[in-house]
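A, B, ... follow the sequence lines: proteins, then strands. Residue 1 opens every chain.
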4 protein chains.
Amino acid sequence: MGAVKSKRVPRAVREQQMLDAAVLTFARRGYRAASMDEIAELAGVSKPLVYLYLNSKEDLFNTVIRRESAALVAAVRSAVEPGAAADRQLCSGLKGFFAHTAEHPYGWAVLHQQARTHGEPFAREVAALRAEIVAFVTELLGAAAKEAGCVGELAEREVAGLAHALVGAAESLAEWANVRTDEGTSGDPEHPSAKDTAATMMNFAWMGLNQLMGGERWAPGGLVDHESGSCARR
Amino acid sequence: MGAVKSKRVPRAVREQQMLDAAVLTFARRGYRAASMDEIAELAGVSKPLVYLYLNSKEDLFNTVIRRESAALVAAVRSAVEPGAAADRQLCSGLKGFFAHTAEHPYGWAVLHQQARTHGEPFAREVAALRAEIVAFVTELLGAAAKEAGCVGELAEREVAGLAHALVGAAESLAEWANVRTDEGTSGDPEHPSAKDTAATMMNFAWMGLNQLMGGERWAPGGLVDHESGSCARR
Amino acid sequence: MGAVKSKRVPRAVREQQMLDAAVLTFARRGYRAASMDEIAELAGVSKPLVYLYLNSKEDLFNTVIRRESAALVAAVRSAVEPGAAADRQLCSGLKGFFAHTAEHPYGWAVLHQQARTHGEPFAREVAALRAEIVAFVTELLGAAAKEAGCVGELAEREVAGLAHALVGAAESLAEWANVRTDEGTSGDPEHPSAKDTAATMMNFAWMGLNQLMGGERWAPGGLVDHESGSCARR
Amino acid sequence: MGAVKSKRVPRAVREQQMLDAAVLTFARRGYRAASMDEIAELAGVSKPLVYLYLNSKEDLFNTVIRRESAALVAAVRSAVEPGAAADRQLCSGLKGFFAHTAEHPYGWAVLHQQARTHGEPFAREVAALRAEIVAFVTELLGAAAKEAGCVGELAEREVAGLAHALVGAAESLAEWANVRTDEGTSGDPEHPSAKDTAATMMNFAWMGLNQLMGGERWAPGGLVDHESGSCARR
DNA sequence: AATGAATGAGCCTTCATTCAT
DNA sequence: AATGAATGAAGGCTCATTCAT
């Protein structure tokens, strides 16, 4: 039913077919509800073969998570220009992120929705991925602060909080953009492209960060100059 | 094992005990992996009683979702002062949100992580909750734009995108704050309080929004004045 | 839901209400599928009361069987005139049988369909009922043979077989007549009345019996005179 | 415990073993009381295999009913000689029926006792079987009437009633013969053979029918000539 | 006379996993 | 390289039955 039956396929290829089937099935059903039967059928092979190659359901899920994690990280990393200014790096990273999640919705669903919700072994794997991305963002924010000549006003905890907020906002937008995309016509030129979504994120986040680095803080009733402008605004 | 065994309890009370046990179990294991046996044991009753009162696993999960949704919405709604300025409303709403999610981490986990990942019947319920919150935020942003004298510069889609980003950021921070809390000593006075987290969010988001309303946009290389300053900055 | 709730009813009455509910439920669902919950609800009482009065599901079913058996036997017995000719007795007995089964379809369903199909304890009870009726019929056939001056030509086994055939035919017609009745309008004057059905049975059976007693037998190719006409034909 | 354990059996064979076990179990316990565990054990396999091959208890029961129905119909059909006289056809059909039910008592019990008593899905299946047989008999009676030169005196309803009576009588005799058989020694040469039972039926029914076709009817007090002998008696 | 609260036991069904070829 | 045959274990759900009032 799934793939066309082609016998005698080399192992490496078969494994990828199985992983593809697994990604789709895990995304659609969730880890527990996905059955090895369904995955095997979708991959066009018998169940014992899945076990021969991937050992167990748990191993299979882990392999899936790792493959999708690696692909996402690679996409983001390859999108940024190493030497550029921090804001450009952030923007191009976001663009890469949105583009990849839009192109691999099932992989993203597995990472974002399924892997976190099914107990320790998997959650850790995805937490590591997220931590890596958050660290990357935190680094960029630090670099940006330095570029802007801002010295030490942003406490580490504050930076970490901002990075988490930024990543959460990006995740939320990724989902929103995908849903919007699904609704429109497939070739809809109106749907928010990765570039547009990245721009929205930058508009939302960067300018506020900029001001934060300038020492301004929000307070009920208006802005306050938290610390005298020891931090040059760009 | 769970609660102290107290025999012959009126139905209304037992039902709440069961729902409490269910929240905890669903949060820990996920919908599929949670067994009715475990829930019943945790509630200190036999399984048939759970079925007698809550009908089925699906009904139980739905009831849990609705109870937790209602509690969250009530917490947020009761936190905002209806007549106040938009930024104050947003801030107090966030504070209510962070406080509630911190106090009810399992309920929040069920809503945020589990309900969305387990098929149509539940996902819709939570999608409705999220839509309600996003709508609330969108409304606040619109009001803020009006207050700021900003007329029409922010396209509807842009506002919606911002609202989604904001909600996503808040969700991410809620999780982050909770984890931080869990790790520290239980009574840790250092852990980010709801007030602190709300302040972080406001700092991250509000100032950027403010500038957006002022017509400024981020662009590679620096800020640009997208439209001549037709929108007074506060 | 079932009966109107009337509290404080004397035991004898309540028991009959329960038995009525049980007859209906057992007929509709079968012994195993009928739940004590449904019976109790239909009787308008709580389950413990059913247990208090009728002890157990098995006892309840037995009580039902005995009540319905007794009613059927009484109906048949009271329909025949003790002193009449054998054929008249048989005819009026059949009339009583068809009339009673038509008036008490649920009771008849329990006896005919349910009680026989659910293991030893109940099957025996109904077998006894059937044996009683078969014995009654056998007796009538014997009397008829004697009346007809037929002496000993009908072997006992043959008579017993005929009685069984006759009873089976009557049961089958009872069902058929009831179904026919259900289909027609409730007051349908066309549907086969008990009298008509009894007549059909008599036409079907009696005349053949008559000839049997006359010594004739069926054989491929035509009738044969099994024994020289030592048995006067009426 | 049931069959001798023989591992690795092809599916088609296993399925028949399972169906055999199911027939026996359903006949002994009834549909509801029969457990899949018992059936599986009797078939010498594990429960999951039963589900793998037969899908569900309901499907299993349906498959059983259809297999046994088909076998019974085939036995009866193959017993009659198509071109023969109506009475010979009826007699040989009955012989086939009694022989088959005697050889397959459990199959017959499932059809006759269990399937009719367990709700719509199954009852319909068996009702169809019975209707087929009744139709066959009705046809034979009609043919016999024509052969006998009887024109139209037997109303359709009357014929249908007679056919039902005949089938009911046959069913009753089948059960009676089986019980008798069970009680006697297994190889008892005295127990009523299918041939004998068929003869009893023919004696019981055919001669009466013959007279009915001759226009005679039973009436209290004696026979009457319902219509002047327009119908030649054989 | 009557009931709300509660449970032990069992059944249908499914699933991850292995064996033998 | 690949599969048809088979199962131990567990989970959702229901039911007859009892306890305490």
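With values rounded to the nearest 0.5 angstrom, C/Y51 atom OH is found 9.0 Å from C/L60 atom CG. Between the CD atom in A/E15 and the CG atom in A/L52 there is a gap of 9.5 Å [rounded to 0.5 Å]. Here B/E58 contributes atom CD and B/F122 contributes atom CZ; the two are 4.5 Å apart, rounded to the nearest 0.5 Å. Rounding to the nearest 0.5 Å gives a distance of 10.0 Å between CD of A/Q114 and CD1 of A/I65. Separating the CG atom in D/L42 from the OG1 atom in D/T25 is a distance of 5.0 Å, to the nearest 0.5 Å.
Straight-line distance from the CZ atom of B/R11 to the P atom of E/dT3: 17 Å, rounded to whole Å. One atom, CD of B/E15, and another, C1' of E/dG4, lie 13 Å apart when rounded to the nearest Å. Nucleotide E/dG8 holds its P atom 12 Å from the CG atom of B/D37, rounded to whole Å. The distance from atom CD of D/E58 to atom C1' of E/dC12 is 12 Å, rounded to the nearest whole Å. For the pair D/M36 CE and F/dA10 C1', the computed distance is 17 Å after rounding to whole Å. Distance CD (D/E38) to P (E/dG10): 14 Å, rounded to an integer number of Å.
Base pairing in DNA chain E yields stems of at least 3 consecutive Watson-Crick or G-U pairs, both distances under 3.5 Å, namely E:2-21 with F:2-21.
Annotation: proximity of residues 25-33 of chain B to DNA chain F (heavy atom, distance under 4.0 Å) is found for no residue. Scanning residues 59-68 of chain A for heavy-atom distances under 4.0 Å to DNA chain F yields an empty list.
The nucleotide whose nearest atom lies closest to any side-chain atom of D/K57 is, among E/dC12, F/dA1, E/dT3, E/dC12. When distances run from any side-chain atom of C/Y53 to the nucleotides E/dT17, E/dA2, E/dC12, the shortest one goes to E/dA2. Taking every side-chain heavy atom of D/P48 into account, F/dA9 is the closest of E/dT3, F/dT17, F/dA9. For A/L49, counting side-chain heavy atoms from C-beta on, the closest listed nucleotide (F/dT3, E/dA16, E/dT13) is F/dT3.
Phosphate proximity of E/dC19 to A/Y51: absent, as no side-chain N or O sits under 4.0 Å from OP1 or OP2. Taking 4.0 angstrom as the limit, D/R14 places a side-chain polar atom (N or O) nearer than this to OP1 or OP2 of F/dA6.
Between D/E41 and D/D37 there is no side-chain heavy-atom pair separated by less than 4.5 Å.
Between the side chain of C/K47 and the base of F/dT17, at least one donor-acceptor pair of N or O atoms lies under 3.5 Å. At a cut-off of 3.5 angstrom, the base of E/dA20 holds no donor-acceptor pair with the side chain of D/R8.
In this pair, B/Y31 and B/F61 present their aromatic rings tilted. The plane angle is within the 30 to 60° band. Classification of the D/H118-C/H118 ring pair by plane angle, with boundaries at 30° and 60°, yields perpendicular.
By the side chain to side chain donor-acceptor pair (under 3.5 Å) test, A/D59 is found to be paired with no residue, residues two or more places apart in sequence or in another chain being considered. For D/R116, the side chain to side chain donor-acceptor pair (under 3.5 Å) partners two or more places apart in sequence, or in a different chain, are C/E175, D/H112. Residues satisfying the side chain to side chain donor-acceptor pair (under 3.5 Å) test with A/K57, not counting sequence neighbours, are none.
Between A/A34 and C/L52, the one whose closest nucleotide on DNA chain E sits nearer the 5' end is C/L52.
Across C/V23, C/V64, C/T63, C/V45, a single residue satisfies side-chain contact (heavy atoms from CB on, under 4.5 Å) together with C/M18, and that is C/V45.
As judged by a 4.0 angstrom heavy-atom cut-off over every strand, A/A40 is placed among residues making no nucleic acid contact.
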